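Single-structure report; data block below.
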Amino acid sequence: MDKIGTRYDPRNLEKKWYKIWEEKGHFKPSGEGEPYTIVIPPPNITAQLHMGHALNITLQDILIRYKRMRGYNTLWIPGEDHAGIATQNTVEKKLAEEGIHRKDMGREEFLKKVWDWAGEYRKRIVEQIKAIGASCDWSREHFTLDENLNKAVRKAFVSLYKEGYIYRGKYIINWCPRCGTVLSDEEVEHEELEGKFYYIKYYFSDSDKYITIATTRPETMLADTAVAVHPGDDRFKHIIGKEVILPLMNRKLKIIGDPYVDPEFGTGCLKVTPAHDPNDFQIGLRNDLELIEVIDENAKINENGGKYAGLDRYKAREAVVNDLEEKGYLEKIETMQHSVGKCYRCGTIVEPSLSDQWYVKMKPLAERAKLAVQSGEVVFHPERWEKVYIHWLDEIRDWCISRQLWWGHRIPVWYCQDCGKIIVEEETPEECPDCQSKNLKQDEDVLDTWFSSQLWPFTTLGWPDENADLEKYYPTSVLVTAFDIIFFWVARMIMAGYHFKEDKPFSDVYIHQLIRDRKGRKMSKSLGNGIDPLEVIEEYGADPMRFTLAILAAQGKDIKLDTRFIDAYHKFANKIWNATRFVLMNIEDYDGTKLSEGDLKLEDKWILSRLQKTQSIVSNAIDSYDFNIAAKSIYNFFWSEFCDWYIESVKPRLNSDERTIVQNVLISVLDSSFRLLHPFMPFITEELWQKLDVEDGEIIASSWPELKKELLDEDAEEKYSLLMDKVRGIRNVKADLNIPPTSKVQAYFTGSNPDNETKFLIETLANCEVMEFQQNKLSNSVTAYAEEKYTIYVKLVEIDVQNEIKRLEKKLNKSVKEVERFRKKLSNEQFLKNAPEEIIEETKEKLQDATTTKEKLERLIEDLK
RNA sequence: GGAAGCGUAGCUCAGCGGGAGAGCGCUUGCCUUACAAGCAAGAGGUCACAGGUUCGAACCCUGUCGCUUCCACCA
């Protein structure tokens, strides 16, 4: 038997075991049993692994390891996401440091650079995922920009196009001037900011009267093509059809009536800028207004902006406001709160602009996805996220899928340069089918990253090729993710699953929390409040980190993480280590003799019964995604019941002829505990299980403990629990009287004398001598501890009688209150009439017990006095 | 403007109809030969507030206040 050190040191053992598991092929599906499949939410290659990933990966790994041990044919497919904008930004930034712009090097050269970079970072993030212990099948690793994914993306695009879901059109889009691309509505984050509300006079063309219009973006007035009022607004009805002169630009604007205008807001008059505001664009369509663009793709005023051309949008705002003021057009400026859209990748304020983009019609796809959740085909855990999901689907708008980037799946669309034909095909066309021209040009844009991500649950299984894997593992079992990507990803996967595979992509969606710092703030680089999982693993080990995350994974909305917690569960790992050390030291001579009927003592029956119950709780909890309950339950069982009570109970027997029996139970409980703990703490359990040497192979591939009903023993549990009370009673007296635990006291129990087994245990655990009961009286050498079922007299050398009276009176006080409460309850006729029989019985018993205790205490105090 | 979640011990949170729980922190006593990263014993709570339902409410309902978040085109 190998010896182990006194301290748990995760450093070497984690890397060692990960390598062995992988080499032995334990991460691959066994090929037998019912399939249980998870596809990993592919982390962005730009991301440094953070605690959110750690939580996400830990929970998936718990499920996979648990199911693997339960005999499922488990498959966990790993992979990474190419993260279009984020990656391109990162590489561009790097190039900028060398003074290079991507346009200088050209598309091909730039992409080569990105691929190099991506290769490096993919490796890095894979290493980080492995460090957490993720038991995924690396032979099936995928990348969202892989060739087979590209094939899938092209097929998806072309079929959606041919079925009429994909269209191209010129609409107002969210433009990020920093990233130089369009963003989908979901990629815009809104933030409430304090802004200014400018009131501007627009004079009528035929009089010296004017109307006042309020706006937060005066620079866009350069592109105004109308003024709108509500058609039912009595104040303005009569001016509809008249014209005003646009200040600074001296353009004539027609006043139109449009129901969009809210008479209550601002002045009730709205300047209409169809090319730079989504609502104004709609008004423009309804009223056939001219579109004038004044802001270019770099957020600068273009040549249509007259003297302001070339100015940045904010500089232009200043200039416009100055001029307005100077020329007397500015009535007043107020401050107001309004929400501003920002790019979710770089934080730049987005510019609504007119642009030609590709869209997916979402309404028809959303219907099926909605039904899936309403009918229970796909179930969210916790359930409340279903509302969020359904609501989004109800309000869904078309999805802008083109991006003006280079890093991504290029749109499979070609334009004939001669006849203008648009060709949408999976394979690059040779010539134009209409005019046979070979002068074709592929669309410059790429697809939104989420367009490929939505196909992830089946592209990772080989789609669009039909194959055995797809047949066997689709639909997958569960998707584990955080709520922040329900719209981006979860909903779209469900839509895509039904559309392309005619089946759901997964049965369950488990939504976990976001990790925040201990003050509840987002972890971010700029705040410097991040906790780096790799540093945590380095300092505490992956196992304690995993256990911490699992035990904190209750159903709230975020986890406020503090390294204090990790420290606590690091101590738990150390406890496991040392308990094992103790057992190993005591089983060196174990001869392999199995137990036979009748060998077991009370404490053996008790711990084995407790173990069965713990097993049930852990299994049920994992089955229902209650990771915290599972972790807590095994923690309590192991530390408190096994270490603090069982091991302590059993120490003397290890030096007796019962040694073999105890060895048996120790090994058996430890073995099962390791198995129950393995999904949570894979490394330490593997290491120690090997030392225990109960079975060949690795624990990762061993079986989950079966519930042994014959070991459930309510009698033993009750008896042992009473014994625990008695032990606590004696310890209590000793502690209250400052008697060192090492000093042995004599204890007498009222009622029947404890049997030998119990007597022995009490003596062991409370360090006392249990004496044959005799009629005691309290005195300056005898004190007592009273409970309803017994009284313990403790014999000592000398006692401070006054202190002792105080101590007992304090207890008495509690008893009196209890008696009162139960008595009152039982004298309530309504209670007796309505409460269930068993509750009434229970209450009666409680009153009886409390009364007994109270009377005993009164007598004891009387004795002392 | 809608919607959701949360307010329980000093801190972080669990419990979610029948005697207030955990970890950390705190107090006291212990180097009891697995572990001082430990053992034992404690102190500490009108379960945000106000109503209601119930024999009984931290738990269910309504409202109020506070914190957080999501959605929404109010210029």
Side-chain angles (χ1 to χ4, degrees), chain A residues 4 6-8 172 185 190 197 213-217 220 228 260-262 264-273 277-283 336 338-339 341 352 382 384-385 387-388 391-392 395 483-484 486-487 514 516 518 520 540 548 551-552 554-562 564-565 567-586 628-629 632 635-636 643-644 647-648 651 727-728 731-743 765-767 818 821-822 825 828-836 838-840 842-843 846 849-850:
Chain A
I4 63 173
T6 62
R7 285 191 171 206
Y8 157 65
I172 292 280
D185 294 327
H190 294 275
F197 211 27
I213 294 176
T215 180
T216 53
R217 298 202 57 195
T220 62
Y260 168 75
V261 181
D262 177 2
E264 303 292 311
F265 193 84
T267 61
C269 299
L270 172 70
K271 65 191 247 339
V272 185
T273 320
D277 182 280
N279 299 307
D280 293 9
F281 180 75
Q282 292 303 325
I283 297 174
M336 74 174 304
H338 67 133
S339 104
R384 72 187 135 88
W385 293 108
K387 266 189 217 158
V388 177
H391 182 251
W392 186 74
E395 305 288 312
F483 59 82
D484 57 340
I486 289 177
F487 309 142
L514 295 178
R516 299 179 184 278
R518 99 178 97 92
Y540 300 94
T548 306
I551 216 161
L552 292 176
Q555 317 259 300
K557 243 180 145 180
D558 47 37
I559 292 178
K560 293 193 194 92
L561 192 66
D562 190 326
R564 276 188 350 218
F565 303 135
D567 194 51
Y569 299 111
H570 175 82
K571 287 178 181 167
F572 180 47
N574 191 55
K575 189 75 184 177
I576 297 168
W577 189 266
N578 275 294
T580 308
R581 187 161 169 266
F582 173 80
V583 173
L584 292 177
M585 285 166 65
N586 281 288
N628 58 326
I629 293 173
K632 192 124 220 164
Y635 177 94
N636 286 335
C643 293
D644 292 345
I647 291 184
E648 293 307 324
K651 276 178 176 170
V727 169
R728 287 197 190 103
R731 286 172 177 172
N732 188 290
V733 171
K734 287 170 92 172
D736 279 355
L737 298 178
N738 273 344
I739 300 160
T742 40
S743 96
L765 294 165
N767 194 24
E818 279 196 337
R821 202 171 72 233
F822 296 131
K825 209 166 178 182
N828 181 345
E829 273 176 43
Q830 292 302 320
F831 174 71
L832 294 174
K833 213 169 83 188
N834 294 304
E838 61 206 73
I839 296 291
I840 295 172
E842 246 174 61
T843 311
K846 283 172 190 165
D849 290 348

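Nothing here was measured: the structure is a model prediction, and the numbers come from that model. In what follows, chains are A, B, ... by sequence order, proteins preceding strands, each numbered from 1.
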Practice problem: Figure out the CG/C1' separation between A/L552 and B/rC24, and round it to whole Å. | Solution: 12 Å
Quiz item: How long is the line joining CD of A/E842 and P of B/rG17, in whole Å?
Solution: 16 Å
Self-check item: Sequence-distant partners of A/R217, salt bridge (Lys or Arg N to Asp or Glu O under 4.0 Å), two or more places apart
Solution: A/E219, A/E351
Identify which nucleotide among [options] has an atom closest to any side-chain atom of [X], counting heavy atoms from C-beta outward.
X      : options                : value
A/N574 : B/rG19, B/rA34, B/rC35 : B/rC35
A/M585 : B/rC13, B/rA34, B/rG23 : B/rA34
A/Q830 : B/rA14, B/rA34, B/rC55 : B/rC55
A/N578 : B/rA14, B/rC55, B/rA34 : B/rA34
A/K560 : B/rA41, B/rA4, B/rC13  : B/rC13

Taking the [atom1] atom of each, how far is [N] from [M], in whole Å?
N      : M      : atom1 : answer
B/rC16 : B/rU8  : C1'   : 11 Å
B/rG51 : B/rA58 : P     : 14 Å
B/rC49 : B/rG38 : C1'   : 44 Å
B/rC73 : B/rA14 : C1'   : 43 Å
B/rU27 : B/rG44 : C1'   : 11 Å
B/rA48 : B/rG15 : P     : 15 Å
B/rG17 : B/rG7  : P     : 15 Å
B/rU54 : B/rC65 : P     : 27 Å

Exercise. Scan nucleotides 69-75 of chain B nucleotide by nucleotide, 5' to 3', and note B when protein non-hydrogen atoms come under 4.0 Å of the base, S if they reach only the sugar-phosphate, - if neither.
Key: B-SSBBB
Quiz item: B/rA34 base to A/E648 side chain: any donor-acceptor pair below 3.5 Å?
Solution: yes
Quiz item: Any donor-acceptor pair under 3.5 Å joining the side chain of A/K575 to the base of B/rC35?
Solution: yes
Compare side-chain N and O positions of [X] against OP1 and OP2 of [N] and report whether any pair is under 4.0 Å apart.
X      : N      : answer
A/N732 : B/rG42 : yes
A/K846 : B/rG19 : yes
A/K825 : B/rG18 : no
A/K651 : B/rA34 : yes

Considering every strand and a 4.0 Å limit on heavy-atom distances, what is the contact class for [X]: base, sugar-phosphate, or nothing?
X      : result
A/F822 : base
A/I647 : base
A/D644 : sugar-phosphate
A/R564 : base

Using Watson-Crick or G-U wobble geometry with both distances below 3.5 Å, tell me the partner of [N], or none.
N      : result
B/rC6  : B/rG66
B/rG44 : none
B/rC39 : B/rG29
B/rG18 : B/rC55

Quiz prompt | Check: A/A766 main-chain N/O paired with A/R728 side-chain donor or acceptor under 3.5 Å | solution = no
Quiz item: Counting only N and O atoms by type, is there a donor-acceptor contact under 3.5 Å from the side chain of A/K734 to the main-chain atoms of A/N767?
Solution: yes
Heavy-atom closest pair, residues [X] and [Y]:
X      : Y      : answer
A/D280 : A/K271 : OD2-O, 3.3 Å
A/I551 : A/N628 : O-CB, 3.3 Å
A/L832 : A/I840 : O-CD1, 3.5 Å

Self-check item: By ring pair (Phe, Tyr, Trp, His ring centres under 6.0 Å) - contacts of A/Y569 (at least two apart)
Solution: A/F547, A/Y635
Quiz item: When the nearest nucleotide of RNA chain B is assigned to A/E818 and to A/D736 on a heavy-atom basis, which residue is associated with the more 5' position?
Solution: A/E818
Exercise. Mind telling me whether A/F487 and A/W392 have parallel, tilted or perpendicular rings, with 30° and 60° as the class edges?
Key: parallel
Practice problem: Would you kindly check if the NZ (Lys) or CZ (Arg) of A/K651 is within the cone defined by 45 degrees around the ring axis of A/F582 and under 6.0 Å from the six-membered ring centre? | Solution: yes
